[in-house]
Amino acid sequence: MNSITFNSLARFMRFHPGKVVRIDSFLSLPWTTTTLPLPLFAGDKLALRSLCSSRSLVDVPTLTELVSKQHYSELKARLRGSGSVPAAVLRQFLDSGSDPDLALRYFRWSRDELGLSHPLELTFRLAHSLADAKKYPKVRSFLDEFVRVSDGDTVSSIFHSISNCGGGFCNGSIIVDMLVWAYAKNGKTQMGFEAFKRAGDYGYKLSVVSCNPLMSNLANEGAVGDLEWVYKEMIRGRIKLNVVSFNTLISGLCKARKLNKARDVVEDMKACGVSPNVVTYNALIDGHCKSGGLTRMYKADATLKEMIESKIRPNEITYNILMDGYCKDENMVAAVKVFEEMQRQGLKPNLVTYNSLINGHCNSGEISKAVSLRDQMLSSGLKPNIITYNVLIHGFGKNGMFKEAKEMLDVIEKEGLVPNVVTFNILIDACCNSGKNEEAFLIHASMASKGVLPDILTYNSLITGLCREGKMDKAEKLFGEMKDNSLKPNVVTYNILIGSLCKKRESRKAHRLLDRMVKIGLSPNHVTYDTLMDGYCTEGNLRAAVKVRELMQKEGLRANIATFNVLIKGFCKQGKLENANSLLNEMLERGMVPNRTTYDIIREEMLDKGFVPDIDGHMYNVSG
DNA sequence: ATGGGTTAAC
């Protein structure tokens with residue numbers, strides 16, 4: 001084949017865009033019996049060029065032999081000697097209809113050894129060939145590799161290749177399914193989600209094997225909206241959900257505090273003939289424990305009873321969840337009861353059980369109980385882990401026992417454990433919150449020698465410490481130092497600095513900091529606005545405070561109880577009880593329930609003015 | 001060939 005033939009072929013293609021031609025109608029080579037989609041892609045042009053100069057080609061039997069015998073150095077030499085384009089060689093493999101294993105081997109070799117990146121079209125032709133040969137595990141691992149290295153290929157172009165490279169539709173489904181799986185497995189959730197959506201558009205059928213990991217990722221990344229959408233699409237697409245699919249969804253909804261929806265899904269699953277199991281109930285109980293509201297532990301306990309009535313036996317994890325709930329509720333009596341109940345049921349407390357309970361005791365100031373529980377764990381053959389010690393250090397620090405807290409570092413090492421960044425952060429935070437800045441900085445300096453890098457929390461604690469002492473210049477210096485360690489200040493960092501400036505009656509300066517954080521793309525949160533408002537209120541600049549509230553609402557954050565309390569306090573302190581009262585009324589109109597702080601603030605002011613409170617909720621209505 | 005539930009710090 002010479003260049004004249006090539007040119008005539010190229011001209012034919014230009015005048016027949018989109019037409020598929022058989023190369024062998026133009027070329028007389030016996031093995032080029034494939035069709036070529038038009039217009040040509042860059043890779044095809046290369047292929048064509050090498051086809052057109054037959055001299056430059058290594059013939060397929062030779063290629064096959066070299067690859068199957070893994071004579072790679074010779075293959076490399078042949079390719080170089082022939083001047084052939086390695087990318088085009090893959091096409092020859094696929095065209096020749098030889099064993100797809102060999103094409104796969106060549107693909108991997110040329111990728112790893114020659115650094116070749118094959119066009120999508122060939123990549124998915126190879127996937128199709130493997131699927132045709134029913135080599136499904138190979139398709140799976142091939143796509144897994146593809147997903148790991150592919151960077152910048154859009155889901156759209158990938159689907160185009162899958163559907164246009166000539167393979168069957170059934171295999172298309174299998175390939176797409178494994179693609180979704182590969183994305184999910186490699187943490188590329190967004191790509192997986194897009195592939196899921198597009199699979200629906202193309203009509204490819206997916207399986208739970210791929211959808212479950214995708215749902216799991218969406219749940220763990222807090223993308224409940226997408227998670228629910230996937231669920232609905234799966235139902236619509238008649239993908240048969242199993243107990244894990246439902247549990248993943250329920251757990252995701254519970255974590256997003258959507259308990260009612262989670263309950264609905266439990267009914268859905270029963271309707272689908274799938275029975276809830278211990279995992280289902282554990283997720284629900286945990287959801288109740290971690291939800292707000294005064295009755296949360298009551299609901300959690302009711303769910304446990306419901307579970308037992310349904311003849312599902314609670315396991316260690318069930319009791320751990322419930323016990324931790326009571327610990328967080330500062331109800332250690334109930335927590336200990338659960339601890340005993342689980343043992344009565346023949347279940348052995350595990351590491352998590354002890355860690356939770358130790359944490360509970362630490363937080364309720366019963367350090368000695370916490371310490372003796374660690375001893376109990378050791379004697380029952382359980383080895384404490386770093387969480388155990390972090391919890392204890394936190395407990396010591398909160399109770400002013402710095403010596404004991406620091407000694408734990410030695411205990412950790414003696415136990416063969418390694419302190420982590422949390423360990424150091426707890427220690428540093430304990431110091432900074434009790435005026436021991438120098439100590440905190442010493443610990444900070446010692447982190448490097450232990451091979452632990454400070455994180456944002458480390459810096460936030462240190463900055464808090466400096467601000468407490470009014471050392472704003474040093475705090476700002478540290479703020480700058482964070483960037484040198486490639487750590488970005490977060491909302492909390494800004495809130496600390498803003499709060500500190502406000503305390504120094506420099507609210508204007510604090511306001512500029514708020515502007516700056518917005519400018520760099522950080523979204524202020526409720527605390528940010530409330531802190532600044534409080535600052536303006538303290539300075540008696542109520543107009544500015546009200547303006548901040550407007551700004552906050554413009555940013556889509558609604559005033560909550562804390563916000564109202566700040567403003568009410570501000571007005572009260574200025575003796576403007578009428579304004580305070582109208583804010584209180586606004587709260588009530590919005591259906592918000594003022595808390596004790598709200599009333600305490602107003603009561604203080606009213607008593608000052610000689611009012612006598614009664615028990616009625618509207619007792620503070622001074623305009624009346 | 002696959003997936004679900006529990007513990008630590010600002």
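Chain letters run A, B, ... following the sequence lines, proteins first and then strands; every chain starts at 1.
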Response to the item:
The side chain to side chain contact (heavy atoms under 4.5 Å, CB included) partners of A/Lys488 (sequence neighbours excluded) come to none
Classify [X] by what it touches in the nucleic acid, base, sugar-phosphate, or nothing, heavy-atom distance under 4.0 Å.
X: A/Asn490; answer: nothing
X: A/Val421; answer: nothing
X: A/Asn425; answer: base

Looking at [X], I'd like to know whether one of its side-chain N or O atoms comes within less than 4.0 Å of OP1 or OP2 on [N].
X: A/Ser356; N: B/dT6; value: no
X: A/Lys138; N: B/dA1; value: no
X: A/Lys290; N: B/dT7; value: yes

Residues forming a side chain to side chain donor-acceptor pair (under 3.5 Å) with [X], sequence neighbours excluded:
X: A/Asp455; answer: A/Asn425, A/Thr458
X: A/Glu228; answer: A/Lys258, A/Lys261
X: A/Glu413; answer: A/Lys450
X: A/Tyr529; answer: none

Worksheet item: Hey, does A/Met377 have a side-chain heavy atom less than 4.5 Å from the side chain of A/Thr388?
Response: yes
Worksheet item: Does A/Lys503 NZ have over 12 foreign heavy atoms under 6.0 Å away?
Response: no
Worksheet item: What class does the angle between the rings of A/Tyr354 and A/Phe339 fall in, given that below 30° is parallel, 30 to 60° is tilted and above 60° is perpendicular?
Response: perpendicular
Discussion item. Just checking A/Tyr459 against A/His444, ring centres under 6.0 Å apart?
Written reply: yes
Worksheet item: Looking at A/Phe396 versus A/Tyr389, is the centre-to-centre ring distance below 6.0 Å?
Response: no
Taking distance alone, no hydrogens or angles, what donor-acceptor pairs closer than 3.5 Å link side-chain atoms of residues 320-332 of chain A to residues at least two apart or in another chain?
from: A/Asn320; atom 1: OD1; to: A/Thr353; atom 2: OG1; distance (Å): 2.7
from: A/Asn320; atom 1: ND2; to: A/Asn350; atom 2: OD1; distance (Å): 3.2
from: A/Asp324; atom 1: OD1; to: A/Lys328; atom 2: NZ; distance (Å): 3.3
from: A/Asp324; atom 1: OD1; to: A/Ser356; atom 2: OG; distance (Å): 3.0
from: A/Asp324; atom 1: OD2; to: A/Lys328; atom 2: NZ; distance (Å): 3.0
from: A/Asp329; atom 1: OD1; to: A/Arg296; atom 2: NH2; distance (Å): 3.0
from: A/Asn331; atom 1: OD1; to: A/Ala334; atom 2: N; distance (Å): 3.1

Discussion item. Tell me whether A/Arg148 contacts the main-chain N or O of A/Leu143 through its side chain, where contact means a donor paired with an acceptor under 3.5 Å.
Written reply: no
Strand-adjacent residues in [range], judged by heavy atoms under 4.0 Å from DNA chain B:
range: residues 244-275 of chain A; answer: A/Val244, A/Asn247, A/Thr248, A/Ser251, A/Lys255
range: residues 369-403 of chain A; answer: A/Ile387, A/Asn390, A/Val391, A/His394
range: residues 448-482 of chain A; answer: A/Leu457, A/Asn460
range: residues 295-320 of chain A; answer: A/Asn315, A/Ile317, A/Asn320

Fill in: Donor-acceptor pair (no angle test) under 3.5 Å: A/Asn282 side chain, B/dG4 base
no
Item to complete: Mind checking ring pair (Phe, Tyr, Trp, His ring centres under 6.0 Å) for A/Tyr183 and listing every partner two or more places apart, or none if nothing turns up?
Response: none
Discussion item. Checking A/Tyr281 now: which residues fulfil ring pair (Phe, Tyr, Trp, His ring centres under 6.0 Å) with it, not counting sequence neighbours?
Written reply: none
Response to the item:
From CG of A/Leu427 across to C1' of B/dA8 the rounded distance in Å is 13 Å
Practice prompt. Could you tell me the separation between the NE2 atom of A/His444 and the P atom of B/dC10, rounded to a whole number of Å?
Written response: 18 Å
